[in-house]
Engineer: 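My structure is below; once you've seen it, I'll send some questions.
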2 protein chains.
Amino acid sequence: MQNSEALALTAVLLAAAGELTQRINDGVLARGFEARPAYGFAFTRLAPDGATVTELGAHLGVTKQAASQLVEELVRKGYAERRPHPEDARARLIVLTERGWECTRAAEEAAAEAVRSWVAVLGEGQVRLLRDQLSRIAPHGPIRPAW
Amino acid sequence: MQNSEALALTAVLLAAAGELTQRINDGVLARGFEARPAYGFAFTRLAPDGATVTELGAHLGVTKQAASQLVEELVRKGYAERRPHPEDARARLIVLTERGWECTRAAEEAAAEAVRSWVAVLGEGQVRLLRDQLSRIAPHGPIRPAW
DNA sequence: GAAAATGGTCAAGCAGCTTGACTACTTGAC
DNA sequence: GTCAAGTAGTCAAGCTGCTTGACCATTTTC
């Protein structure tokens, strides 16, 4: 594979990721939630059993201070709440509120809607293959903005 | 495809795009260029015959003011230069300098290097397929940060 | 128990974008 | 030709989301 092709791959990858992200965010906004893309990735970490601020920061690849600011924002908008941590009095467990869960479901719906247009072009099997291939090469590190 | 799978696709897509972008940037830095990811996407627009500030802004999906600041940065670092536009005295044609071309080639090499690790996992054919599939669904609009 | 490490927050600073205002030039109507 | 409207580019100020640095409360380590 030529060098220029590798750069082209990067470009389409970024373009696809960027478009998908934006369409999901638009869909979430259209469903009446005040959100930005980072929320979604925070939600996926908070969803199962909650997380501490530091854990959230690690998941998003930002400092704990930045994560703390994000949490403050989520709390202010009613998507999450701080609870005392059951095992560590220094820490707080950040969990989703009911509205936070609603917003998460809205994001999933919006994502499904956006992906549907890809299915229309490539077919379901190819999209599934795409996801499987990407999951094999995607890093397991933090989710970060692409630049 | 379930809603949650669609969100998972978005996550791996972003993770892959983000990692690739960062590895390319690291590779470019390692080759002795002072750069950030946005440069690469600016270069691809400037490369063939140059472009105006406004055109560059449209390509990157930012305002012409932001594009103007980026150009100022590229000029200051020696990657590009402003020339009078041959057909419009209001405009300036921004073209790459020799060092700008070198940086572009460095980015291509770094990209090829990063993609090579994917080829090692998926095989060349699958990576090529990946690129082809993505290019069919990637928007033809501006290249923007994923969030 | 004391020292070091860790979780969280406050505060200040910074990078990269935005909007608004302006000048220089071009385009189009008459 | 002339003049109004539109466009290219820049300057300036402001905003957002991150960073680094400092600090307190609590936990861990020895």
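Atoms considered below: every heavy atom in the structure, side chains included; atoms not considered: hydrogens, waters and symmetry mates. Every chain is numbered from 1, with letters handed out A, B, ... down the list of sequences.
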Engineer: For C:dG7, does OP1 or OP2 lie under 4.0 Å from any side-chain N or O of A:T52?
Structural biologist: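 Negative; the distance criterion is not met.
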Engineer: Of the listed nucleotides (C:dT9, C:dG16, C:dT26), which one gets closest to any side-chain atom of A:R82?
Structural biologist: C:dT9
Engineer: In whole angstrom, give the distance that lies between atom CG of A:L60 and atom C1' of D:dG17.
Structural biologist: 13 Å
Engineer: Measure from the side chain of B:A66, starting at C-beta and using heavy atoms only, and say which of D:dT27, C:dC25, C:dC17 lies closest.
Structural biologist: C:dC17
Engineer: Compare side-chain N and O positions of A:S68 against OP1 and OP2 of C:dG8 and report whether any pair is under 4.0 Å apart.
Structural biologist: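 Checking C:dG8 against A:S68, no side-chain N or O comes under 4.0 Å of OP1 or OP2.
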Engineer: Are B:E109 and B:R105 within salt-bridge range, i.e. N to O under 4.0 Å?
Structural biologist: no
Engineer: Using a distance-only criterion (donor-acceptor N/O pair, under 3.5 Å, no hydrogens), is the base of D:dT27 paired with the side chain of A:R90?
Structural biologist: no
Engineer: Regarding D:dT16, can its base be found pairing with the side chain of A:Q69 as donor and acceptor, where the two atoms are less than 3.5 Å apart?
Structural biologist: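 Result: no qualifying N/O pair found.
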Engineer: If you check every side-chain atom of A:V53, which of C:dT9, D:dT10, C:dA12 has the closest atom?
Structural biologist: C:dT9
Engineer: Measuring to OP1 and OP2 of D:dT10, would you say a side-chain N or O of B:R92 lies under 4.0 angstrom away?
Structural biologist: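 For D:dT10, OP1/OP2 do have a side-chain N/O of B:R92 under 4.0 Å.
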Engineer: Find out if a path of hydrophobic residues (ILVMFWY) with successive side-chain heavy-atom gaps under 4.5 Å connects A:L129 to B:V127.
Structural biologist: no
Engineer: Hey, is the side chain of B:T54 poking within less than 4.0 Å of OP1 or OP2 on D:dG9, counting only N and O atoms?
Structural biologist: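 So the side-chain polar atoms of B:T54 do come within 4.0 Å of the phosphate oxygens OP1 or OP2 of D:dG9, strictly under.
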Engineer: Whether the side chain of B:E72 and the base of D:dG9 hold a donor-acceptor pair under 3.5 Å is what I'd like checked.
Structural biologist: no
Engineer: Side chains of B:R92 and B:R82, heavy atoms from C-beta outward: is any pair under 4.5 Å?
Structural biologist: yes
Engineer: Between B:E73 and B:R36, does any side-chain N to carboxylate O distance fall below 4.0 Å?
Structural biologist: yes
Engineer: From the set D:dC18, D:dA8, D:dT26, return the single nucleotide nearest to any side-chain atom of B:A91.
Structural biologist: D:dA8
Engineer: In whole Å, what is the span from the NZ atom of A:K64 to the P atom of D:dT19?
Structural biologist: 13 Å
